[in-house]
Colleague: 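Quick one: this structure, given as structure tokens, is what I'll be asking you about.
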Protein chains: 2
Amino acid sequence: MAMHDVECCDEVCHHSDLVTKVNSHMPDEDELYDLAELFKVFGDSTRIRILYVLFESQMCVCDLAEALNMNQSAISHQLKILKQAKLVTGRREGKSVIYSLADDHVRTIIDQGREHIEE
Amino acid sequence: MAMHDVECCDEVCHHSDLVTKVNSHMPDEDELYDLAELFKVFGDSTRIRILYVLFESQMCVCDLAEALNMNQSAISHQLKILKQAKLVTGRREGKSVIYSLADDHVRTIIDQGREHIEE
DNA sequence: CAAACATATGAATAACTGTTCATATGTTTA
DNA sequence: TAAACATATGAACAGTTATTCATATGTTTG
């Protein structure tokens with residue numbers, strides 16, 4: 001890695017190959033957008049709390065609402081967002097809809113985040 | 001794990017021990033807030049792009065602006081947010097400030113996100 | 001020290017987001 | 001089928017956020 005020391009920001013570095021090199025490793029715009037959208041979903045404490053509840057047990061909407069002490073509509077709206085991001089799935093069971101975690105990426109991502117803030 | 005099948009949402013489940021059990025595993029409010037704040041930082045494609053650039057090379061602000069084709073002020077504002085979240089660090093070097101990744105959690109979190117959306 | 005360069009920052013604005021309220025949809029039960 | 005229950009959804013509102021512009025701060029150079 002014999003890149004000479006960074007010297008900014010005169011002609012040496014400005015408009016340099018570095019900029020184009022770095023951009024060649026950039027994922028395409030769609031993927032960047034999707035990635036940001038995914039993290040946006042984690043970026044709300046209500047949704048995080050819903051996920052933590054579902055770590056422990058699958059649960060219907062009204063009990064989620066009770067557990068989080070929020071009204072049912074707010075929970076439903078947030079579940080919709082989590083479902084669109086494929087972080088949770090819901091199946092109807094009689095009158096209720098039971099929600100559960102979609103896969104284990106959810107845990108990993110949250111655990112990594114938790115590790116980071118506990119550094 | 002002999003929990004009886006979920007039966008929602010009459011008295012059987014509503015107000016049940018499940019709700020309190022689940023809440024006993026909930027991190028405290030401050031941690032939930034911090035976690036959401038952290039993911040919020042990842043939830044913007046400009047900041048994601050900055051991080052991708054820094055995966056490849058440390059870089060000064062004006063070159064980041066050039067690489068992302070955005071004005072310097074926008075980049076500075078976003079770098080401030082990334083720095084507050086301890087995802088990047090900046091060191092002054094002459095007239096410039098060179099930014100680089102703070103640690104490897106950043107990569108792990110982004111990689112996990114990428115894995116999820118590519119399922 | 002003045003001029004030039006690099007970065008940071010406050011204010012303003014437009015766009016977005018989470019919650020609430022009212023109500024609609026879907027399911028069971030009497 | 002009507003009533004009751006569980007969930008979903010659209011509209012409205014308040015709060016938040018990313019970008020831009022103008023300008024301030026910090027550093028080097030002549």
Side-chain angles (χ1 to χ4, degrees), chain A residues 6-16 19 32-33 36-50 58-85 88-100, chain B residues 6-16 19 32-33 36-50 58-85 88-100:
Chain A
V6 179
E7 300 186 45
C8 280
C9 275
D10 49 20
E11 279 71 11
V12 176
C13 176
H14 220 51
H15 294 98
S16 79
V19 168
L32 290 170
Y33 182 82
E37 286 304 300
L38 175 64
F39 287 121
K40 231 172 263 182
V41 175
F42 287 97
D44 175 78
S45 61
T46 296
R47 290 189 290 266
I48 296 263
R49 290 202 296 156
I50 290 174
Q58 57 178 4
M59 201 173 282
C60 68
V61 180
C62 71
D63 280 357
L64 276 165
E66 163 119 359
L68 272 57
N69 197 29
M70 294 181 63
N71 77 44
Q72 172 268 319
S73 178
I75 300 296
S76 270
H77 279 297
Q78 297 308 333
L79 284 170
K80 184 177 189 178
I81 292 170
L82 289 165
K83 199 163 53 177
Q84 282 170 341
V88 308
T89 56
R91 65 174 197 285
R92 187 167 270 279
E93 205 154 282
K95 283 183 283 191
S96 303
V97 178
I98 312 294
Y99 281 88
S100 49
Chain B
V6 178
E7 300 186 44
C8 279
C9 275
D10 48 21
E11 277 73 8
V12 177
C13 176
H14 219 53
H15 295 96
S16 80
V19 167
L32 289 170
Y33 182 82
E37 285 305 297
L38 175 64
F39 287 121
K40 233 173 259 181
V41 175
F42 286 97
D44 175 80
S45 61
T46 297
R47 290 190 290 265
I48 295 265
R49 290 202 297 155
I50 290 174
Q58 54 177 6
M59 202 173 281
C60 68
V61 180
C62 71
D63 281 356
L64 276 165
E66 164 120 359
L68 271 57
N69 197 31
M70 293 181 66
N71 76 45
Q72 173 268 318
S73 179
I75 300 295
S76 270
H77 279 296
Q78 298 307 332
L79 284 170
K80 185 177 188 176
I81 291 169
L82 289 165
K83 200 163 54 176
Q84 282 169 341
V88 308
T89 57
R91 64 173 198 284
R92 187 166 273 279
E93 205 153 281
K95 281 181 285 190
S96 303
V97 178
I98 313 294
Y99 281 88
S100 49

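Just so we're clear, the structure is a prediction, and the values are computed from it rather than from any experiment. Quick note on labels: first sequence line is chain A, next is B, and so on, each numbered from 1.
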Colleague: I'd like to check the side-chain contact (heavy atoms from CB on, under 4.5 Å) partners of B:K83; sequence neighbours left out, ordered by chain and number.
Modeller: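 Here the qualifying residues are B:V88, B:Y99.
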Colleague: Return whichever of A:E37 or B:S76 has its heavy-atom-nearest nucleotide of DNA chain C closer to the 5' end.
Modeller: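 Here B:S76 is the residue nearer the 5' end.
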Colleague: Would you say D:dA6 has OP1 or OP2 under 4.0 Å from some side-chain N or O of A:Y99?
Modeller: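 Checking D:dA6 against A:Y99, no side-chain N or O comes under 4.0 Å of OP1 or OP2.
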Colleague: Report for the helix from C:dC1-D:dG30 to C:dA30-D:dT1: angle between first-end and last-end helix axes, five pairs each, rounded to 10 degrees.
Modeller: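 Computed angle between terminal axes is 20°.
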Colleague: Find which nucleotide of DNA chain D each of B:R92 and A:R92 is nearest to by heavy atoms, and output the residue with the more 5' nucleotide.
Modeller: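 Nearest nucleotide further toward 5': that of A:R92.
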Colleague: Can you name the nearest heavy-atom pair linking B:V41 to B:A85, along with the distance?
Modeller: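 Heavy atoms of B:V41 and B:A85 come nearest at CG2-CB, 3.9 Å.
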Colleague: Report yes if the side chains of B:R91 and B:Q58 come closer than 4.5 Å at any heavy-atom pair, otherwise no.
Modeller: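 They are in contact (side-chain heavy atoms under 4.5 Å apart), so the answer is yes.
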Colleague: Measure from NZ on A:K40 to P on C:dA15 and round the result to the nearest Å.
Modeller: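 That distance rounds to 15 Å.
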Colleague: I want to verify a distance call: between C:dG26, D:dT19, C:dG18, whose nearest atom is closest to the B:H77 side chain?
Modeller: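 Nearest nucleotide to the side chain: D:dT19.
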Colleague: A:K95 has an atom NZ; how far is it from atom C1' of C:dT25, in whole Å?
Modeller: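 Nearest whole value for this atom pair: 15 Å.
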Colleague: Verify the contact: side-chain N or O of B:K80 to OP1 or OP2 of C:dA8, cut-off strictly under 4.0 Å; return yes or no.
Modeller: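 No, outside the criterion.
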Colleague: Under 3.5 Å, is there a donor-acceptor pair between the side chain of B:R47 and the main chain of B:L79?
Modeller: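 Between the backbone of B:L79 and the side chain of B:R47 there is no qualifying donor-acceptor contact (under 3.5 Å).
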Colleague: For a quick test of reading the model, state the closest non-hydrogen atom pair linking B:T46 to B:L68 and the distance between them.
Modeller: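 Between these two residues, the closest heavy atoms are O-CD2, 3.9 Å.
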Colleague: Any side-chain N or O of A:T46 under 4.0 Å from OP1/OP2 of C:dT19?
Modeller: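 The answer is yes; a side-chain N or O of A:T46 sits under 4.0 Å from OP1 or OP2.
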Colleague: So, is B:Q72 near the phosphate of C:dC5, with a side-chain N or O under 4.0 Å from OP1 or OP2?
Modeller: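 No, because none of the side-chain N or O atoms of B:Q72 sits under 4.0 Å from OP1 or OP2 of C:dC5.
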Colleague: By nearest atom, which of the nucleotides D:dT7, D:dA18, D:dT28 is closest to the A:C62 side chain?
Modeller: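 Selected nucleotide (nearest to the side chain): D:dT7.
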Colleague: First locate atom CG of B:D44, then atom CG of A:L32, and finally report the distance between them rounded to the nearest 0.5 Å.
Modeller: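 Separation between the atoms: 11.0 Å.
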Colleague: Do B:S73 and C:dT9 share a donor-acceptor pair, side chain to base, under 3.5 Å?
Modeller: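 Indeed there is one.
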Colleague: Return the nearest nucleotide to the side chain of A:D44; candidates are C:dG18, D:dT20, D:dA6.
Modeller: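 Minimum distance to the A:D44 side chain belongs to C:dG18.
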Colleague: For A:R92 and A:K95, indicate whether the former's side chain and the latter's backbone hold a donor-acceptor pair under 3.5 Å.
Modeller: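 Checked: pair present.
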Colleague: Specify the separation, in whole Å, of atom CZ of A:F39 and atom P of C:dT17.
Modeller: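 In whole Å, C:dT17 P lies 17 Å from A:F39 CZ.
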